[in-house]
Number of protein chains: 2
Amino acid sequence: MRKAATIRDVAREAGVSVAVVSRVLNDGTGPVAQQTRARVVDVIERLDYRPRAAARELQQRSATAVGLVLADLANPFFARLADRVVGEARARGIHVVLLTTLEDSHLEAESIETLIGRSVGSVIATPTGGNVDRWARLVELGVNVVFVDREIDELPEVDVVAIHNDLSAEVATRHLLDLGHERIAFISGPLSTSTGRDRVAGFKRAMGNAGKVADDRLIHAIPFRGDAGGDAVSALLALPNRPTGLIVGNTAQVRSALRRVKQMAVDVPGELSLVVFDDNPWTELVSPPLTVVRQPIDMLAMHSVDLAVGRLRGSLPEPPRRIRVEAEFVQRSSSAPRSS
Amino acid sequence: MRKAATIRDVAREAGVSVAVVSRVLNDGTGPVAQQTRARVVDVIERLDYRPRAAARELQQRSATAVGLVLADLANPFFARLADRVVGEARARGIHVVLLTTLEDSHLEAESIETLIGRSVGSVIATPTGGNVDRWARLVELGVNVVFVDREIDELPEVDVVAIHNDLSAEVATRHLLDLGHERIAFISGPLSTSTGRDRVAGFKRAMGNAGKVADDRLIHAIPFRGDAGGDAVSALLALPNRPTGLIVGNTAQVRSALRRVKQMAVDVPGELSLVVFDDNPWTELVSPPLTVVRQPIDMLAMHSVDLAVGRLRGSLPEPPRRIRVEAEFVQRSSSAPRSS
DNA sequence: AGCGGCGGTGGTAACGGTTACACTTTTGTA
DNA sequence: TACAAAAGTGTAACCGTTACCACCGCCGCT
């Protein structure tokens, strides 16, 4: 356990001052003679010197790290988002501090707090919907916040990257309508999230446009996590007038809903056509393969990191941006024409 | 964008010295009068003061962060491991810096490098198998390394948390043998990983104990990522003497293998009995539900964090520990007696 | 009365970088 | 040749926190 070399060790060994070493390290901050640079680089190599991030961050607010606050890594959607974000960040020489909220605003609050102490320059987050004041404070402290997948209306000054949730829900709904379904149910996320609200709005609009009124008993706004999907399905199928089409809002909900559907031996798509949000490796492995709304995770990640890092480096125009990317509708076999 | 309060602001406002504030902050480092403490706490609250992690880390190697170097977040096993690690770490007041290697030793090397600059006190990692010298250097620099899920034999000084991979493979194999299968194939990870090696060893042992010799053409050591599983399946099923049992080593491999099996319209378990490593939410949703070896992710995460944080706080005995947790064998419908 | 110990407090040198500024040398131009 | 500008380098002051040490009373002992 020898202690690591410092910039002063390098300076001494190379016979120059620390200032020169620093300039070599951060290329472009000042002139350094070609020959001197070579010598310094050599010593750095030899001593295996690595500048300490902590010291650097202390000095200026440069910050080589971004915070990533996700709802739930057990959800493949967020996991793959994290995967892509970490990859994109690495490509830009940025580290990622990961935190999860489990959709709990208290844990979210805690995460924001720690992120303040930690001097991250930017935060990419999927907000739970609460903690408006805390997010605002983070912004006021000079941290660049980028919301991904969801947003908070009361915070217009933060960047947002997401799909058109209302449109996507509308497309999914119209798909079922076009197949002849009349009674269509929707299992969505909590209305405290923009995702939940927007999708329900899109659903209602599509139904309205088709001259149908969306029966409120057919709309279930349930938590994104947990197994509430099962009970929602049971409730829906217990209705006197069963829906023949069902749209489900996220992977965890799909899992529990699908399990219940199988338990109840309901025929898909014979008795019930299914369209679900978020594509996964396994959506095409189950029987029947699921018709899905696929979010372009790569795009979400890329734009988020672009914004987060861009603002960090100050290379972006001032006004906050709201980037919308296109979701893709992938038809498989879980949705079919209504078998009268 | 007001700038955050510093310890000096608090000291001034409370009419005490910075030393006192520091003592209040880090309880137990020295005496503080009850009344003074109350006043300081009050000011901290009022000024909304948060100590800056960077300054702290610079001062001493306290380090409130651990690095988490995972192979691939797109793999649900690692994603859920990350989820649990982040949760456990938070409970201990520790942040997680996340990096991924994509099973590429170059990216792993890069990750180790960044982790050196970043002053993390511990690193939890799933090593690719290479970079032995770099890991050694990290250890020598005083960073506590904990390998999880896999290990590197040449590095006996690091902690390890994993299942008994050889035993698990043996159990899986014996299960198929007991069902009457004679020709059993094994799709495993690269032999450069301990996981790959150990499982193959367990497989061979089980076969040997049953008086059968493991045909090398029935063993495919393929990458953990990507779609090589499909081709492996094709190769196996093209053999003159088809295997009737197959064990698959990780989720990505299962996905590609299963897709090919379905494409080829092979009946599971009629023609081919399947046992796979790692349980996922969807393993019981596919048809037929898969017989799996379930790794206790919670235990892996908990012990990893325990070790990482314990060493950080110096509250652990010196000698490196190798913790083995029990994998669980879950029988479902993808494995059945050989229907000769 | 003298003295050691201790509770409570303040002063200040690190920690390892960056950077403003001063200084010296080289280069360019009339 | 003279002199300004630019290139190259060094010095030292930060950044925010902790830890060591000195200091001051006050208590309880011998």
Side-chain angles (χ1 to χ4, degrees), chain A residues 2-41 43-44 47-65 116-121 141-142, chain B residues 2-41 43-44 47-65 114 116-121 141-142 313:
Chain A
R2 68 168 191 270
K3 57 217 159 297
T6 75
I7 196 172
R8 270 170 254 271
D9 298 329
V10 176
R12 184 169 0 90
E13 196 74 10
V16 297
S17 74
V18 292
V20 175
V21 180
S22 177
R23 275 182 224 121
V24 171
L25 249 37
N26 323 20
D27 219 1
T29 35
V32 178
Q34 210 36 251
Q35 190 188 349
T36 316
R37 154 169 282 118
R39 202 166 65 244
V40 170
V41 166
V43 173
I44 288 179
L47 261 48
D48 203 14
Y49 164 75
R50 275 312 114 194
R52 257 181 83 183
R56 215 170 236 189
E57 282 174 17
L58 178 56
Q59 164 63 18
Q60 358 107 244
R61 6 286 277 159
S62 75
T64 57
I116 291 177
R118 205 95 221 142
S119 35
V120 295
L141 245 37
Chain B
R2 67 169 192 267
K3 58 215 157 297
T6 77
I7 197 172
R8 263 173 265 269
D9 298 329
V10 176
R12 188 174 351 97
E13 196 75 10
V16 297
S17 75
V18 292
V20 174
V21 180
S22 177
R23 273 182 226 124
V24 171
L25 248 36
N26 322 23
D27 219 1
T29 38
V32 178
Q34 209 36 252
Q35 190 189 349
T36 316
R37 154 169 282 118
R39 202 166 64 245
V40 171
V41 167
V43 173
I44 288 179
L47 261 49
D48 203 13
Y49 162 76
R50 274 312 117 193
R52 253 181 86 183
R56 264 191 174 162
E57 285 173 15
L58 177 58
Q59 161 63 19
Q60 358 103 257
R61 7 287 276 161
S62 73
T64 56
T114 64
I116 291 177
R118 204 97 223 140
S119 38
V120 294
L141 246 34
R313 308 214 201 283

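A, B, ... follow the sequence lines: proteins, then strands. Residue 1 opens every chain. Just so we're clear, the structure is a prediction, and the values are computed from it rather than from any experiment.
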When you compare the side chain of [Y] with that of [X], does any pair of heavy atoms fall below 4.5 Å?
X	Y	result
A:Asp27	A:Arg37	yes
A:Leu25	A:Arg56	yes
B:Ser22	B:Thr29	no

Heavy atoms from C-beta onward define the side chain here; which of [options] lies closest to that of [X]?
X	options	value
A:Arg52	D:dT17, C:dC15, D:dT9	C:dC15
A:Ala19	D:dT11, D:dA19, C:dG8	D:dT11
A:Leu58	C:dT18, D:dC15, D:dG8	D:dC15

Side-chain N,O ([X]) to OP1/OP2 ([N]) below 4.0 Å:
X	N	result
B:Ser17	C:dG10	yes
B:Thr36	C:dG8	no
A:Arg23	D:dG8	no
A:Thr29	C:dT19	no

Atom-to-atom span, [atom1] of [X] to [atom2] of [N] - whole angstrom:
X	N	atom1	atom2	value
B:Arg37	C:dG7	CZ	P	14 Å
B:Gln34	C:dG7	CD	C1'	13 Å
A:Arg118	D:dG16	CZ	P	16 Å
A:Asp9	C:dC15	CG	P	11 Å
B:Glu57	D:dA19	CD	P	14 Å
B:Leu47	D:dG16	CG	P	14 Å
A:Gln59	D:dC14	CD	P	11 Å
A:Arg56	D:dG16	CZ	P	18 Å

Identify whether any heavy atom of [X] sits under 4.0 Å from a base atom; if not, whether one sits that close to sugar-phosphate; answer base, sugar-phosphate or nothing.
X	answer
A:Ser22	base
A:Pro31	base
A:Val16	sugar-phosphate

Q. For B:Val18 and B:Ala55, take the nucleotide of DNA chain C holding the closest heavy atom to each; which residue's nucleotide lies nearer the 5' end?
A. B:Val18
Q) Taking B:Arg39 for the side chain and B:Ala14 for the main chain, is one N or O donor matched with an acceptor at less than 3.5 Å? A) yes
(Q) Heavy-atom nearest nucleotide on DNA chain D for A:Arg8 versus A:Ala33: which residue maps closer to 5'? (A) A:Ala33
Q: Output the distance between atom CZ (B:Arg118) and atom CD (A:Glu57), rounded to the nearest 0.5 Å.
A: 4.5 Å
